[in-house]
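Worksheet for the structure shown next.
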Number of protein chains: 2
Amino acid sequence: MSTSKALPQPDREEIRIEQVLQALGEPVRLQIVRLLADQPDGIACGEIDLQVTPSTRAHHLRILREAGVISTHTEGTRRISSLRREDLDNLYPGLLPGVLAAPR
Amino acid sequence: MSTSKALPQPDREEIRIEQVLQALGEPVRLQIVRLLADQPDGIACGEIDLQVTPSTRAHHLRILREAGVISTHTEGTRRISSLRREDLDNLYPGLLPGVLAAPR
DNA sequence: TGATTAGTTCGACGTTGATCGTACTACGAT
DNA sequence: ATCGTAGTACGATCAACGTCGAACTAATCA
């Protein structure tokens, strides 16, 4: 049976720019966002190669999700995360392209 | 005699997106940026009405300057700060408009 | 059932960060 | 020269944050 449950996240109207910017202003989280930007259909968190432990990774993913930057839903034992590009582009047009234009 | 000395700030190539985002992700600093966005010619720091003491305000202005978000030069006893809009738009096109589009 | 896999939650630890008061510097005016 | 104004620098304090390990949950598979 393929379960697919979405994790709690703020509605578009609830997203606050301060939280978004603070979420993006951390190197590991910015790296996650850059990776997700190349994966329109999302990616399993575990497949993200970061220089941190699983628990730290979970922490950062939670921050991003609660800020409204990413969306995460469960598929079996996996958690698929994806950028909330439409919401962010709507609220802050240009922000995401600008961030992603930055040299790595 | 009208002295006018620019305070040290990173060159455009030295600006790093992580620092910019972190600088913007603090409520007081974001408020400063929003005020400066309406003042193309800059504004004296002291004229900014914030709910913090002068020393805290100086601290935030330094963070913004060192991140490359604002530029500050001395005019007499006053320090005039302004947004580095051209540099930011060049490095991260869309970022600033996106941030400023956010509802207060 | 039991084992495995994917991921989270919790508590702890060390670091960074925001805030303030006080002391200080620099310029301008009297 | 003295005083007032604008702003910075330093040190202290307290809260927030990033990190990890260990224990836990939930789904899958043998």
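Only a predicted model underlies this, so the values are computations on that prediction, with no experimental measurement involved. Atoms considered below: every heavy atom in the structure, side chains included; atoms not considered: hydrogens, waters and symmetry mates. By convention in this document, chain letters (A, B, ...) are assigned in the order of the sequence lines, proteins followed by strands, and residues within each chain are numbered from 1.
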(request) Enter the distance from A:Arg16:CZ to B:Leu30:CG here, rounded to the nearest 0.5 Å. (result) 11.0 Å

(request) Could you grab the distance from atom CG of B:Leu91 to atom CZ of B:Arg84, nearest 0.5 Å is fine? (result) 8.5 Å

(request) Going by the side chain to side chain contact (heavy atoms under 4.5 Å, CB included) test, name the single residue among B:Ile63, B:Val20, B:Ile15, B:Leu61 that passes it with B:Val69. (result) B:Val20

Output a table of nitrogen or oxygen pairs between the protein and nucleotides 11-18 of chain C separated by less than 3.5 Å.
from   : atom 1 : to      : atom 2 : distance (Å)
C:dG17 : OP1    : B:Gln22 : NE2    : 2.9
C:dA18 : OP1    : B:Arg29 : NH1    : 3.2
C:dA18 : OP1    : B:Arg29 : NH2    : 2.9
C:dA18 : OP2    : B:His59 : NE2    : 3.2

(request) Output yes when a side-chain donor or acceptor of B:Arg65 lies under 3.5 Å from a complementary backbone atom of B:Pro8, and no otherwise. (result) yes

(message) Can a donor-acceptor pair be found, under 3.5 Å and without considering hydrogens, that links the side chain of A:Arg85 to the backbone of A:Ala37?
(response) yes

(message) For a side-chain contact (heavy atoms from CB on, under 4.5 Å) check, start with the C-alpha distance between A:Val52 and A:His59, then their side-chain angles and the critical distance, and finish with the verdict.
(response) CA-CA 11 Å; A:Val52 294; A:His59 167 69; over 6 Å; no

(request) Indicate yes or no: at least one non-hydrogen side-chain atom of B:Gln19 is less than 4.5 angstrom from one of B:Glu14. (result) no

(request) May I ask you to decide whether A:Glu66 forms a salt bridge with A:Arg29, counting only side-chain N to carboxylate O separations under 4.0 Å? (result) no

(request) Among D:dT8, C:dT9, D:dG7, find the nucleotide with the atom closest to the side chain of B:Ala44. (result) D:dG7

(message) Is the phosphate of D:dA27 approached by A:Arg78 (side-chain N or O, under 4.0 Å from OP1 or OP2)?
(response) no

(message) Is B:Arg62 close enough to D:dG7 that one of its side-chain N or O atoms is under 4.0 Å from OP1 or OP2 there?
(response) no

(request) Might you work through the side-chain hydrogen bond (donor to acceptor under 3.5 Å, both in side chains) test for A:Thr72 and A:Ser81, ending with a clear yes or no? (result) CA-CA 4 Å; A:Thr72 302; A:Ser81 294; 2.9 Å; yes

(message) Just to be sure I understand the geometry, which residues of residues 32-43 of chain A put a non-hydrogen atom under 4.0 Å away from DNA chain D?
(response) none

(request) Mind running a 4.0 Å heavy-atom check of residues 45-54 of chain A against DNA chain C and sending the residues that fall below it, in number order? (result) A:Cys45, A:Gly46, A:Pro54

